[in-house]
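Single-structure report; data block below.
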Amino acid sequence: MFERFTKDARAVVLGAVECAERERAEAVDDGHMLLALLDREASRASFALASLGAARRRDSIEAALSGARRRGGLSRADTDALAGLGIDLAEIVSRVEESHGEGALAAGAGKERRGRRTGRAWFGRIPFSREAKDALVQSLRIATARHDRRIGDEHILLALTVRPGVTAEVLADHGVTHASVDRVLHGGVAGAGGAGGAGSTGRGVG
């Protein structure tokens, strides 16, 4: 699949690996891919994120992802569901971290994901979580559905917006949805000129 990635898409994957390594994470997750997308410049995904105001809110997005990891990777919908059952997740997180240190639930979630992984680490470095691999597969499906021969970083961004979970939730909270990205890149007035300036859809792009 990676032979179909544009240089921007490959840079996002490698950037996600570096982000996970800086955090000393046990695996690269889809949140790391989002942060890598936010670090890109002069690409189609970076244009979309800047147009939607997300690029200048990177710190807020990173904080939201970090908070979700501290909750063991549970989304706000999960948290609300637990609250409906009378379970205060914030209190549970606080008690666990008092006993085991900040990020204890995040570490536990990472070990659980590691137990489900199969195969070698990608790029010979840190392994990718199931969620990250699924997002990359989804990016391939999106490119194929659009008849794009190459997978660009915009396809990765679109994939992150449609996969249920924390990353899509954080993106939506910051005004980035599949519809808004698609509008900027392919159909909206705001994206008509700028998207062309960032490069075409990736068809035949090296």
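Values reported hereafter were calculated over all heavy atoms of this structure, with side chains retained and with hydrogens, waters and symmetry mates removed.
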Please determine, by modelled atom types, if Glu23 and His32 share a side-chain donor-acceptor pair under 3.5 angstrom.
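Short answer, yes.
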Looking only at heavy atoms, what is the nearest atom pair of [X] and [Y], with distance?
X	Y	result
Glu26	Pro127	O-CD, 3.8 Å
Ala27	Ala20	O-CB, 4.0 Å
Gly15	Ala36	C-CB, 3.7 Å
Ser139	Ala159	N-CB, 3.6 Å
Ala132	Phe128	CB-CD2, 3.8 Å

Please check if the side chain of [X] supplies one atom and the backbone of [Y] the other of a donor-acceptor pair under 3.5 Å.
X	Y	value
Ser60	Arg57	no
Arg58	Leu38	no
Thr177	Ala172	no
Ser66	Ala63	no
Ser43	Arg40	no
Arg150	Arg4	yes
His174	Leu171	no

(Q) With side chain to side chain donor-acceptor pair (under 3.5 Å) as the criterion, how do Thr167 and Asp30 come out once you've worked through the C-alpha distance, each side chain's angles and the decisive distance to 0.1 Å? (A) CA-CA 7 Å; Thr167 301; Asp30 48 0; 3.2 Å; yes
Quick one: [atom1] on [X] to [atom2] on [Y], what's the gap to the nearest 0.5 Å?
X	Y	atom1	atom2	answer
Ser180	Leu52	OG	CG	4.5 Å
Leu49	Leu34	CG	CG	7.5 Å
Leu157	His178	CG	NE2	9.5 Å
Asp173	Ile61	CG	CD1	9.5 Å
Ser46	Asp39	OG	CG	11.0 Å
Glu62	Cys19	CD	SG	6.5 Å

*Worked check of side-chain contact (heavy atoms from CB on, under 4.5 Å) between Leu136 and Phe5*: CA-CA 10 Å; Leu136 292 175; Phe5 276 42; 4.1 Å; yes
Heavy-atom check, side chain of [X] versus side chain of [Y], under 4.5 Å:
X	Y	answer
Leu37	Leu160	yes
Arg163	Asp134	yes
Val28	Glu18	no
Ile151	Thr6	no

Inset, instruction - Could you walk me through whether Asp182 and His186 pass the side chain to side chain donor-acceptor pair (under 3.5 Å) test, one step at a time? - result: CA-CA 6 Å; Asp182 192 55; His186 303 110; 2.9 Å; yes
* **Residues Arg44, Asp153: salt bridge by 4.0 Å N-O rule** =>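 A salt bridge is absent here (no side-chain N lies under 4.0 Å from a carboxylate O).
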